[in-house]
Number of protein chains: 2
Amino acid sequence: MHQSASAGHAHRGPDAIGDMLRRAGLRPTRQRAALAAILFGQGDRHVTAETLYDEARQAGVPVSLATVYNTLHQFSDAGLLRAIAVDTTRTHFDTNTGDHHHFYLEATNEVIDMPAAFIRVENLPDPPEGCEITKVDVIVRVRAVANRK
Amino acid sequence: MHQSASAGHAHRGPDAIGDMLRRAGLRPTRQRAALAAILFGQGDRHVTAETLYDEARQAGVPVSLATVYNTLHQFSDAGLLRAIAVDTTRTHFDTNTGDHHHFYLEATNEVIDMPAAFIRVENLPDPPEGCEITKVDVIVRVRAVANRK
DNA sequence: ATTTGTGCAAATCGTTTGCATCTGA
DNA sequence: TCAGATGCAAACGATTTGCACAAAT
């Protein structure tokens, strides 16, 4: 233990991650902190349990896939992440919890953020009786153009 | 066998279903025709493999879950159905293949069509380089209002 | 010390597939 | 007849869970 507490090179400042976790009511354990560092240390990101798991392992973080799943859900529940349903087979998580939408490249399973400013959904009908809108998701599915015409 | 061939009460006319299947290049077999009748005989519908399977069995149609899955995919590939990704756990299919969007009731896993006329997505950003938009899905997630205020 | 998290492996769940059998044209 | 369908059960991949062990407060 000599590199975590107060250095100054972390992408998010000293113990920002520990604080973020504590604020979210989560104990800053080794793997949680490590996963959080990967997730929140470099701008907005999109991951699936598998990709985060692989990344963590490659970074030398000893963590199990089960813990990655648990952690992703804890982070989502805490509002640090948001799950997005673009792909029926895998669950994608987005570190950008703000209001925005997505591009989805079906070919590569890649999710790309689209700033909210860029989309305006007009003329929404009223929700079914007795319901209120909780979220509006716009997914723009794209495909690589075969070859130039 | 005395009630299926030519009566006149089918919701889609005499052998509309057989024709629809043939046009789609699919042989109108017992289970395919029966599933098609359930799907297309009563206006636009949303089903999952499970719900369609249950419905078919209740209707006395002898069919296996595997065949329901196969059939749903054949219908989708043929353009008779469209799969929608609202729910990460299950795949939902929509008999309305036209341009429209959806409400999704998270509480009941229910999907409700929203006519295209009602939504206008404005100010879409350009797709990532080398990509073209294949589809824009808008999902309005709603929740039952707790109780009236 | 207690409480909470973690890892592993086994259990689940939706979905797909292999293969022997059956059916429609 | 014979290609194409169907059913079953086993295979699968993503995700969850139970439980013994380890770490955080």
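Sequence lines set the chain letters: A, B, ... in the order given, protein chains first and strands last, and positions in each chain run from 1. These numbers come from a predicted model, not from an experiment.
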Write down the distance between CG (A/Leu72) and P (C/dG5), rounded to a whole number of angstrom. 15 Å
Of the nucleotides C/dT15, D/dA5, D/dT15, which has the atom closest to the A/Tyr69 side chain? D/dT15
Could you tell me how far apart B/Asp77 (CG) and D/dG4 (P) are, to the nearest whole angstrom? 16 Å
More than 12 heavy atoms from other groups under 6.0 Å of CD on B/Glu122: yes
Between the protein and nucleotides 22-25 of chain C, list the N/O to N/O atom pairs that are separated by less than 3.5 angstrom.
| residue | atom | partner | partner atom | Å |
| --- | --- | --- | --- | --- |
| C/dG24 | OP1 | B/Arg30 | NH1 | 3.3 |
| C/dG24 | OP1 | B/Arg30 | NH2 | 3.2 |

Reckon A/Gln31 has a side-chain N or O less than 4.0 Å from the OP1 or OP2 of D/dA23? no
How do B/Asn70 and A/Leu65 order along DNA chain C: which one's closest nucleotide is nearer the 5' end? A/Leu65
Testing the 3.5 Å rule here: is there a donor-acceptor pair between the side chains of A/Asp113 and A/His46? yes
Rounded to whole Å, CG of B/Leu52 lies from C1' of C/dG14 at a distance of 15 Å
Quick one: is A/Thr67 getting a side-chain N or O under 4.0 Å of the C/dG7 phosphate, OP1 or OP2? yes
Whole angstroms only, please: what is the CG-P distance between B/Asn109 and C/dC13? 15 Å
Starting from the 5' end of DNA chain D, give me the residue, B/Val63 or B/Thr88, whose nearest nucleotide shows up first. B/Val63
Report yes or no: do B/Ile119 and B/Ile139 belong to one cluster of Ile/Leu/Val/Met/Phe/Trp/Tyr joined by side chain heavy-atom distances under 4.5 Å? no
Rounded to the nearest Å, what distance is computed from the CG atom of residue B/Leu26 to the P atom of nucleotide D/dA3? 19 Å
Taking only N and O in the side chain of B/His73, is any of them less than 4.0 Å away from OP1 or OP2 of C/dT16? yes
Give the rounded distance in Å between these two atoms: CG of B/Asp54 and C1' of C/dG14. 14 Å
May I ask you to evaluate whether A/Ser64 reaches the phosphate of C/dG7, defined as a side-chain N or O under 4.0 Å from OP1 or OP2? yes
Quick one: A/Gln74 CD to D/dT17 P, roughly how many Å, whole number? 13 Å
Under 3.5 Å, is there a donor on one side chain and an acceptor on the other for A/His102 and A/Asp137? no
Mapping A/Thr89 and A/Ala66 onto DNA chain D by nearest heavy atom, which one lands closer to the 5' end? A/Thr89
A/Thr91 vs D/dT15: side-chain N/O to OP1/OP2 distance below 4.0 Å: yes
Taking atom CZ as the centre, does A/Arg141 end up with more than 12 heavy-atom neighbours from other residues, nucleotides or ligands that are less than 6.0 angstrom away? yes
Can you tell me the distance, in whole Å, between the CG atom of B/Leu21 and the P atom of D/dG4? 17 Å
Taking atom CD of B/Glu129 as the centre, does the number of heavy atoms from other residues, nucleotides or ligands within less than 6.0 Å exceed 12? no
Spell out, as yes or no, whether a donor-acceptor pair under 3.5 Å connects the side chain of B/Thr97 to the backbone of B/Arg82. no
